[in-house]
Amino acid sequence: MNSRASDALGTPIRGPMFQPVEAKPDLIAQEHDVLRMWAERRTFARLRAQNAEGERWSFLDGPITANNPMGVHHAWGRTYKDVFQRFRAMLGHAQRWQNGFDCQGLWVEVNVERDLGFTNKHDIEEFGIAEFVSLCKQRVLTFAARQTEQSIRLGMWMDWNDPDELRRLRDLLASDPGQTVTVQGPDGALTDTVEMIVGRLGMPEIGGSYFTFSNENNDLIWGFLAECHRRGWLYKGHDSMPWCPRCGTGLSQMEMNEGYADREDPGLTLRFPLLDRPGEALLLWTTTPWTLAANVAAAVGPKLRYVRIRQGGDEFWVGRGTLRQAVVGPFEVLEERPGSDLVGWRYSGPFDELPAVRDAFAKGTRDEPGQPYEHRVVAWDEVGEEEGTGIVHIAPGCGAEDYQLGKALGLPVVGPIDEEGLYYDGFGWLSRLEAPNVAERIVDDLERRGLFYHLEPYTHRYPHCWRCGTPLLFRLVDEWFIDMGPVYDQPRETLSPEQFDASLRYQIMEVVGRIRWIPGFGYERELDWLLNMRDWMISKKRYWGLALPIYECRACGTVEVIGGRAELQERAVEGWDVFEGHTPHRPYVDAVKIACSGCGALVERIKDVGNPWLDAGIVPFSTLHYREDQEYWKRWFPADFITESFPGQFRNWFYSMLAMSTVLRREEPFKTIFGYALLYGEDGRPMHKSWGNAIEFDEAAERMGVDVMRWMFANARPEENILFGWHAADAARRELLVLWNVYAFFVTYARVTGWSPGDDPTAADRSPLDRWILSRAAGVAAEAEDHMRDYDALGAGRAISRFIDDLSTWYLRRSRRRFSRGEAGASRSAAFATLHEALIATARITAPILPFLAESLYQNLVVGGDGQGDDGGDGDGAAPDSVHLTRWPTAELAAQRDEALEAAMATARRAVELARTLRGQAGIKIRQPVARMWLALPGGELPEREALLELIAEEVNVASVEVIGDESDLVERRVKPLLPVIGRKLGPAVPAVMTAAREGAFEIHPDGSVTLGGVTLAPDEIEILATPRPGTAVAHDEGLVVVIDTALTPKLRTEGDVRELERAIQDLRKEAGLAVRDQIEVWISGLSSDVAAHRDRIAADTLAARIALGAPPEGLRQSTVELQSGRVAVSLRRLASDG
RNA sequence: GGGGGAGUAGCUCAGUGGGUUAGAGCAGCGGUCUUAUACACCGCUUGUCGGUGGUUCGAGUCCACCCUCCCCUACCA
């Protein structure tokens, strides 16, 4: 897979153990190579087989809607899903690996309608429901195939269907759903009609992703609904519901919340003349003039105050508190009364003459059935004075609250509009007009009739259809609901068992409490939703979806709910032959009729389809074969883990799963839920094509690479929105390139020197630096494991980042000479073996998050180019041929852990930093050696002291490092009181103690205690630290003190010049494009004799066959180098023959 | 109206069993280092840690109130 790499290094000395790698990798091409390799080697299938007997870890996939290509926002969640599944696989867990597709519902219908150019439901009926439903299935299969391909590209390992096979089924379904087809399942071939094969997707005999349109899924929902009915929780409601006139369907409370948007409506104030008080009229305000035709009453707040005012020749009644906003122009207040006085007054309605209104009113009220009703003023406690006139237009057929009020008072109801939002017949000139568009004509009409008062545009939040954006209307409809049970006005813990049993919502809450919510606020949010939600509207007057198995007898009103396909067959008295052989969808299922158990009449299914969240909510049962394989279900239920985006899913998937599992089992369907926020564009706004901040998944995958994407996602804070874009991707890529560079360095030099693993030095033979990085590797494996077990990818990512940084900027920086120079064989072997092991550990630890990069490294470091498993460094010669087949390495690496060494190294690194700061201040370059450095250590000790001091000396380029105690003249002792220890004990005395410590006013006693600020502190309450004595050129940090000798002797200056010259020659080699192993010859003119004395060393370090002092041959370019001993001119050229 | 989240450097974000001096990356400037790394290191610069009070010896961190943004929820005609 590294076949494109160029080899600028010449022929290796020994045979190539490692494939050459590029300095700048093409990560994307590499990802495609890895995908091919996984497919060829059947790596995933082998992983599943390897873990088949492992302890279960049950992940339940929230279905992705198969209605469009997936977007980068899906990739975020799918990264989490894959990361945790891969991680658990490395722990050896058995998993189900089943992806899910959400298939049924209006969102698919809307797209199919759009493709067909349909504008309303009539078009569908004319087109034919059977064909329409088939097109919906085909669309789902199209995008299931597409999303499968995209998910595979993301590196997501699931039991995928072959996308081509999905498309083949789609095409066969299109040509003839009844034709017979054979497909290959895990246990052999399977033959059935295409329609039924499609209906069985995801079942054990076919395998692959689950589809919520499957027969099993639908069937189990029937069972759930029958259970609800059995308990008396399913009912038909007659209500004023939000309605989308384009889709021709009502919206549930869940859906309502999706589409609130600002909208400008006419704010119309009009007058309702009072019948018994000539010359007086009520003033009313409405933003929905189309509902005036359905006006039945005018509501006042019985406790509010109302005034009669005079304007010109008119007298109006209006709420006192609304005078300022409602009345236009000067007026005179004539009298004031409480609202209760107004109740019962009759008024002349705005459209009394319409036949529909007359008919409705003729029937009278509930309390006076015979007596024709007349418009009147009613009392309503909810009337407010913030807006309008304090008198509210009540149209029970056009508003949920209006309906409730009308129902309470027994008022007649006028339902003015049909499914498409057109006025029914009987509404005079309004009939057949579109309700949302009649405002202007109604205003004109009212003006003509002298009922108009004032018009002013009004902007407010108004609900829109979340699918098509059409403003919603309220319409009188029959819909089916699941009763959520009462909300008790008392704390949950005080409920009686009877109360608890009577209320589904509290039963769900109890289940919610048994689940771990990450982040924790999810728990509160779900409870909040449950407490507030109203009954669940599950019906939809549409075509593509779950066929609600509700049979309502027109003759006697008996409602029956069929609990499954078998039961339906049993009960069928007509039409089963039409249905047989079809999936439980419209129109075929509609043909089946049963005999009413109450009166024996022939009953047909209600035409409605189900709320799509029923489809997704049942999957903890349907996909785990709740009905046909209890053993299997018990093994995998409840799921250990689910993860989805938080916003929205509280009231959708989470809710529906919880509700259904509570009804069926009163058990939690999952143990842990991990939620994440939303993905936005880099500019902090939602991604939107027209805003130019949208990025398609495919484009992201092929331009930034999926490992880069995954790295970004894994390192995001899940509870906050992620800002996704090309700049963030660049930053993530840079981080990964650091790892790549370490790897490329290793491979380059392993090839140059011919190093290969095998005769590795024991730990004892390795330097402290080697042991340090291996300890770090062991530490990061353990740390990342802890985070990953806790579903904290971010924590793991941060630990990995720190490790990569340590590996690159400290281990390799400090070790590089051991790889490239004429180092002693043992040290070189130790360095190679250490780096090799560290890189393999890194590959394994990063494998869940970066499956491609980790695999690339692993293949070259462990497996070798031939694909045959080779020694993995564990000496058994049988390493797995994929990093994803290895186990998580915590236990393997644990013996390498040495925390004392890690702490010591941290001190050494800090000392180096301080020394570098000092050199910078003194203006002495790193290349210029200095003679001495003094070091005071906190606590006075340092494990591996000699080696670490040497390391510091080398890094700082100093001849000798001397450790000094706190008694040294170079430092003075300071006392650092340990605040967390003494704070509580001393309280108000703290400031005095701290001041004394700062000023050095303390006395140290022989027993180690210290007196300062009038208090004596025990040795374990203070630390004694060294700090610089004022006036010396030193740097310090937390008791670590560094002093360097800035005096430069002639010998040191010469040494500095030598290194300067060497660096210049190396620069020239690089400029000349020479390979690392090319031999050169060099000419130097103007070199001082002191520096020239080191000619041999310079030649050795720069691979120069010889160095001539003097002018170069004709034509060779000279470069000037400034040395402390004077300016010299340098030339070089490559030796003609490369021995 | 009720509930939740967020507010820390120009940008993206770390930082809670309270500990005195608030950090990183990116960007900018000045250096250094380097035949793995257009890479890394060192230094400089910008902070009323949203505001105001409170608790405390001590508050970015805990409490109260307020401001701004986002989300959820609610019957506002």
Side-chain angles (χ1 to χ4, degrees), chain A residues 8-9 21 23-24 253 257 267 284-288 291 298-299 380 382-384 386-395 398-402 404-405 460 519 521-522 524-525 527-529 531-533 646-648 650-651 677-678 682 684 716-717 719-721 723 727-728 730-731 734-735 737-738 740-749 798 801 805 808-810 812-813 816 819-820 912-913 915-921 923 925-927 977-984 986-994 998 1063 1065-1071 1073-1078 1102-1103:
Chain A
L9 301 170
V21 297
K24 289 173 67 180
Q253 190 191 354
N257 297 313
L284 282 90
W285 181 71
T286 182
T287 56
T288 50
T291 65
W380 191 30
E382 302 300 319
V383 175
E386 295 77 32
E387 284 170 329
T389 64
I391 305 177
V392 177
H393 151 60
I394 299 294
C398 302
E401 303 75 47
D402 302 41
Q404 292 307 322
L405 180 65
H460 58 155
F521 63 76
E524 322 288 341
R525 289 276 288 273
L527 286 188
D528 189 52
W529 164 254
L531 203 56
N532 284 305
M533 93 157 286
F646 258 176
F650 287 103
R651 60 171 179 269
L678 297 173
E682 215 155 32
R717 284 191 63 186
E719 65 270 39
E720 276 177 26
N721 297 331
L723 306 185
H727 292 99
D730 285 341
R734 267 198 297 276
E735 228 184 320
L737 286 182
V738 173
W740 181 268
N741 290 330
V742 176
Y743 162 68
F745 174 93
F746 170 82
V747 170
T748 301
Y749 283 94
R798 282 183 184 155
S801 290
D805 192 63
S808 169
T809 67
W810 191 247
L812 191 49
R813 175 188 172 76
R816 51 192 309 157
F819 296 91
S820 55
V912 168
E913 260 176 49
R916 274 203 283 252
T917 302
L918 285 176
R919 293 188 75 113
Q921 283 167 2
K925 294 177 178 184
I926 297 287
R927 270 196 300 279
L978 298 173
L979 271 166
V981 179
I982 65 163
R984 187 162 300 178
L986 296 184
V990 167
V993 169
M994 296 308 289
R998 208 170 294 127
R1063 190 199 58 82
I1065 293 170
Q1066 301 288 27
D1067 251 9
L1068 290 173
R1069 288 183 61 113
K1070 196 175 182 181
E1071 271 175 38
L1074 301 189
V1076 176
R1077 295 179 54 257
D1078 286 337
T1102 59
L1103 269 186

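Throughout, protein chains are lettered first and strands after them, A, B, ... in sequence-line order, and every chain is numbered starting at 1.
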Distances under 3.5 Å between protein N/O atoms and the N/O atoms of nucleotides 31-34 of chain B, please, pair by pair.
| residue | atom | partner | partner atom | Å |
| --- | --- | --- | --- | --- |
| B:C33 | OP1 | A:Arg927 | NH1 | 3.2 |
| B:C33 | OP1 | A:Arg927 | NH2 | 3.4 |
| B:C33 | OP2 | A:Arg927 | NH1 | 3.3 |
| B:C33 | OP2 | A:Arg927 | NH2 | 3.0 |
| B:C33 | O5' | A:Arg927 | NH1 | 3.4 |
| B:U34 | OP2 | A:Arg927 | NH1 | 2.5 |

Pairs: protein N or O with nucleotides 56-63 of chain B N or O, under 3.5 Å:
| residue | atom | partner | partner atom | Å |
| --- | --- | --- | --- | --- |
| B:C57 | O4' | A:Gly987 | O | 3.4 |
| B:C57 | O4' | A:Pro988 | N | 3.4 |
| B:C57 | N1 | A:Gly987 | O | 3.2 |
| B:C57 | N4 | A:Gly983 | O | 3.4 |

Using the test salt bridge (Lys or Arg N to Asp or Glu O under 4.0 Å), find all partners of [X] that sit at least two apart in sequence or belong to another chain.
X	answer
A:Asp730	A:Arg733
A:Arg798	none
A:Glu720	A:Arg717

Taken in chain and number order and not counting sequence neighbours, the residues that satisfy side chain to side chain contact (heavy atoms under 4.5 Å, CB included) with A:Ala716 are A:Trp76, A:Ile722
By side-chain hydrogen bond (donor to acceptor under 3.5 Å, both in side chains), which residues pair with [X], not counting sequence neighbours?
X	result
A:Thr286	A:Thr288
A:Thr809	none
A:Arg525	none
A:Asn741	none

Rounded to the nearest 0.5 Å, the OG atom of A:Ser808 sits from the CD atom of A:Glu735 at a distance of 11.5 Å
Its dot-bracket string being built from Watson-Crick and G-U pairs below 3.5 Å, with | for another strand and [ ] for crossing, RNA chain B has the pattern (((((((..((((.....[...)))).(((((.......))))).....(((((..]....))))))))))))....
Polar atoms only, N or O, under 3.5 Å: list the protein pairs with nucleotides 6-10 of chain B and their distances.
none

